[in-house]
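Reckoned from all heavy atoms, side chains included, excluding hydrogens, waters and symmetry mates.
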Amino acid sequence: MHNNDKYLMKVSDQLLVGTTIRFSKDGWLLLSIGKRTVFCYNPFTKATIRLPDVPDGYALGGMSFSSVPTSGDCVVIVISNWFPYFSSNDFYFLVTEPGKRATDWNIYQFRYKSHYINDFMPCINNPVFHNGVFYCLDYNGMLGVFDVKKGDRGWEVLSKSLKQFSNFYPSYLVECDEKLLLVNVGQSGKSVDIYRLDDSEMVWVKLNSLGKHALFISYTSSFSVVAPRSCMENKIYFPRLHGESILYYSLDTCRYHCVGSNQHSSQDFHNTKERLSCTWIQPNWSQA
């Protein structure tokens with residue numbers, strides 16, 4: 001982000017061979033190997049926290065954790081959209097607490113359908129922990145809320161959230177300035193719309209500016225920062241490259257540009273490449 005400098009950190013740990021990045025937060029990665037092995041890893045300190053094996057048959061869907069895995073109140077969740085021995089109308093939250101050295105997953109079963117809205121289908125973007133609960137995004141922009149403390153009674157679909165987005169194009173949840181935002185990206189990136197969740201009415205309200213904040217979004221991890229440089233304010237950074245430069249969308253110009261270059265300006269994703277096997281990460285060197 002600073003003058004387009006690049007840094008390469010070689011990781012020789014055999015533990016990482018064959019892993020898939022599932023989630024990133026506060027400098028920690030949530031990784032999986034195969035269908036059952038899940039663990040937390042800090043690539044800066046090389047610290048590893050093993051989690052219980054995922055029970056047989058549960059597919060790994062959206063994954064998230066509430067706080068740094070070394071903290072006593074950390075909660076890790078997995079959304080499983082399929083299990084061969086039960087109805088296809090069901091989905092599952094798998095929950096474990098590494099800070100309490102849990103040796104198993106608590107499993108909570110819910111229906112896709114609710115009294116208000118049919119066919120809530122959690123999308124591949126990861127849940128976001130906000131105000132003590134996990135928010136999950138539906139492919140059409142609907143919001144579901146999972147409160148781990150309530151267990152089997154902890155799932156709710158917000159009936160007023162707007163079912164207005166197309167399931168063909170991605171949307172991302174991100175916490176910004178203690179508010180929950182939704183970034184909706186249109187076909188080939190031709191439109192980028194930002195919405196803030198109104199906590200009183202529980203509806204999406206459209207935003208036209210991020211102020212001094214910048215957003216970093218991807219399937220595995222999305223977060224906001226107060227821009228360290230004024231040139232980064234009011235921008236959304238994507239896991240896409242134009243040549244070797246990171247692509248961002250400016251809400252000031254309503255166009256795409258590249259970090260460290262003034263030559264690229266576009267209205268869509270034309271001539272850019274998405275990096276699928278990647279994540280945004282905020283360095284964390286703490287040994288605590």
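- Between Phe91 and Trp155, the ring planes are perpendicular. Angles over 60° get that label, and only those under 30° would be called parallel.
- Looking at Arg196, its side chain never comes within 3.5 Å of a backbone N or O of Leu181 through a donor-acceptor pair.
- Nearest heavy-atom pair, Tyr135 versus Met202, reported as atom, atom and distance to 0.1 Å: OH-CE, 4.0 Å.
- Scanning both residues, Pro55 and Trp105, for their nearest heavy atoms gives CD-CD1, 4.0 Å.
- Between Phe65 and Phe23, the gap from one ring centroid to the other is short of 6.0 Å.
- Scored by the side chain to side chain donor-acceptor pair (under 3.5 Å) test, Lys212 finds no partners at all (sequence neighbours excluded).
- Checked by atom type, the side-chain pair Asp73/Ser67 shows a donor-acceptor distance below 3.5 Å.
- The aromatic rings of Tyr92 and Tyr58 lie perpendicular to each other, with more than 60° between the two planes, well past the 30° mark.
- Phe238 and Phe269 have their aromatic ring centers within a separation under 6.0 angstrom.
- Side-chain contact check for Asp252 and Asn234: at least one donor-acceptor pair (N or O, by modelled atom type) lies under 3.5 Å.
- Judged purely by atom type and a 3.5 angstrom limit, Asn284 uses its side chain to pair as donor or acceptor with the backbone of Ser286.
- No donor-acceptor pair under 3.5 Å is formed between the side chain of Ser32 and the backbone N or O of Val38.
- Between the side chain of Lys25 and the backbone N or O of Ser66 there is at least one donor-acceptor pair closer than 3.5 Å.
- Ring geometry, Phe216 versus Trp280: the interplanar angle exceeds 60°, so the pair is classed perpendicular (tilted spans 30 to 60°).
- Minimum heavy-atom separation, Ile79 to Pro127: CD1-CG, 3.7 Å.
- Among all heavy-atom pairs drawn from Ser224 and Gln282, the shortest one is O-NE2, 4.5 Å.
- In this pair, His257 and Tyr248 present their aromatic rings tilted. The plane angle is within the 30 to 60° band.
- Looking at Thr96, its side chain does come within 3.5 Å of a backbone N or O of Asp104 through a donor-acceptor pair.
- For Ser80 (side chain) and Ala59 (main-chain N/O), a donor-acceptor pair under 3.5 Å exists by modelled atom type.
- When atom types are taken as modelled, the side chain of Asn126 and the backbone of Thr220 share a donor-acceptor pair closer than 3.5 angstrom.
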